[in-house]
Student: 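My questions will all concern the structure given below.
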There are 2 protein chains.
Amino acid sequence: METRTNIESCSCSVIHEEVISKVRDTMPDEETLYDLAELFKVFGDTTRIKILCALFESEMCVCDIAALLDMNQSAISHQLRVLKQTRLVKHRKDGKVVYYSLDDEHIKQIFDQGLVHIKEK
Amino acid sequence: METRTNIESCSCSVIHEEVISKVRDTMPDEETLYDLAELFKVFGDTTRIKILCALFESEMCVCDIAALLDMNQSAISHQLRVLKQTRLVKHRKDGKVVYYSLDDEHIKQIFDQGLVHIKEK
DNA sequence: CTGTTAATTCATCATATGCTTATATGTTCA
DNA sequence: TGAACATATAAGCATATGATGAATTAACAG
């Protein structure tokens, strides 16, 4: 017979107390979970993914990206701001031109892991 | 002097034609980009992340997860549906109880890569 | 069959998101 | 200075999303 859980609101439960403790111990704190969700949210939009794909190859100015993706400059600027806030891209200014580039080596790895998942299914 | 790009709408561009070609060649097709965005969108919510964290430890029934996360069962069921559609979780039915578990070995890797990113900054 | 429990589905609401247009800021150069 | 250009920002709109409560389906026990 299974040991009953301490989750009172659930009478069908068969999970053990040790599993409950383990989950509670390994679950990141609220702030980390929030940041993690924010990070993945950023990857959850095709426009931003396209921008990252472009920046995988080279740094680019805003209008280069806009032209390459065939989107207007405002929309790109808007999304670059999101990417900047999540520290996925960085920028340098040269006169009136702002060049954006990747700010993290893990980006491509996260991206590639995602690709592996969808390609397998 | 830099070779000028073929992106006409942009007069400040300094990126080379070969970069443009490379981006266009390596950029996944629209459908893949869409699926990829959908996948990451799923990770972009703390409730779903918590569910995945719970399932990292053990398979669980819906009410176990609900009790563990202190949320109502309808909300959990709703999110499990999303996770099921993206094939991140699978389920088996035993009588009236439905047990959910992870359906992909990459999930934890994607999750951990995300953690590395936010921990470093 | 009836009542109970587990899970799902539906309708609704509040909030968040992404894009557009218009405007503002900032830089260069004639 | 002021015109042209690059970028950023603001306001507004349509759509998407997540949670809730109520209703529904399904399995089982008496």
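A, B, ... follow the sequence lines: proteins, then strands. Residue 1 opens every chain.
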Student: Considering non-hydrogen atoms only, spot the tightest contact between B/Val89 and B/Asp103 and give its length.
Tutor: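 Taking every non-hydrogen atom into account, C-CB, 3.6 Å.
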Student: Output one letter per nucleotide in nucleotides 16-23 of chain C: B when a protein non-hydrogen atom lies under 4.0 Å from the base, S when only the sugar-phosphate is that close, - when neither is.
Tutor: -SSSBBB-
Student: Do side-chain atoms of B/Asn72 reach the backbone of B/Ala75 as a donor and acceptor pair under 3.5 angstrom?
Tutor: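 Judged by distance alone, yes, a pair lies under 3.5 Å.
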Student: Below 4.5 Å, heavy atoms only, C-beta onward: do A/Met27 and B/Leu69 meet side chain to side chain?
Tutor: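 SC-SC contact between A/Met27 and B/Leu69 confirmed.
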Student: Give the C-alpha distance, both sets of side-chain angles, the deciding distance and a yes or no for salt bridge (Lys or Arg N to Asp or Glu O under 4.0 Å) between B/Glu30 and A/Lys50.
Tutor: CA-CA 10 Å; B/Glu30 277 296 329; A/Lys50 286 178 188 172; 2.8 Å; yes
Student: How many Å lie between CG on B/Asp64 and C1' on C/dA6, as a whole number?
Tutor: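 Interatomic distance, CG of B/Asp64 to C1' of C/dA6: 12 Å.
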Student: Strictly distance-based, threshold 3.5 Å: is any side-chain N or O of B/Asp94 a donor or acceptor partner for the main-chain N or O of B/Val97?
Tutor: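 No: the side chain of B/Asp94 does not pair with the backbone of B/Val97.
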Student: Strictly below 4.0 Å: does A/Arg81 bring a side-chain N or O up to OP1 or OP2 of D/dT9?
Tutor: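 Result: yes.
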Student: Whole angstroms only, please: what is the CD-C1' distance between B/Gln85 and D/dG18?
Tutor: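 My rounded result for the distance is 14 Å.
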Student: What's the CZ-C1' distance between B/Arg92 and C/dA7, to the nearest Å?
Tutor: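 That distance rounds to 15 Å.
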Student: Measure from CE on B/Met60 to P on C/dA6 and round the result to the nearest Å.
Tutor: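 It is 16 Å, rounded to the nearest whole Å.
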Student: On DNA chain C, compare the nucleotides closest to B/Val98 and A/Asp94; which residue's is nearer the 5' end?
Tutor: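 Checking each residue's closest nucleotide, the 5'-ward one belongs to B/Val98.
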Student: What is the distance, to the nearest angstrom, from the CD1 atom on A/Ile15 to the P atom on C/dA6?
Tutor: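 Result: 14 Å.
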Student: Atom CG of B/Leu80 to atom C1' of D/dG18: distance rounded to whole Å?
Tutor: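 Whole-Å distance recorded here is 14 Å.
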Student: Check whether any side-chain N or O of B/Tyr100 sits under 4.0 Å from OP1 or OP2 of C/dA6, and answer yes or no.
Tutor: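 Negative; the distance criterion is not met.
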Student: Find out whether A/Leu88 and A/Arg48 are in side-chain contact, i.e. whether some heavy atom of one side chain is under 4.5 Å from a heavy atom of the other.
Tutor: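 Side chain of A/Leu88 against side chain of A/Arg48, heavy atoms only: no contact under 4.5 Å found.
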Student: Taking B/His117 for its side chain and A/Thr86 for its backbone only, find out whether a donor-acceptor pair lies under 3.5 Å.
Tutor: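 Side chain of B/His117 to backbone of A/Thr86: a pair is present.
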Student: For A/Tyr99 and D/dA6, what is the distance between atoms OH and C1' respectively, to the nearest whole Å?
Tutor: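 Rounded to the whole Å, the gap is 10 Å.
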Student: Where the side chain of A/Lys96 is defined as all heavy atoms beyond and including C-beta, which of C/dG26, C/dA7, D/dT7 is the nearest nucleotide?
Tutor: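 When the side chain of A/Lys96 is considered, C/dG26 is the closest of C/dG26, C/dA7, D/dT7.
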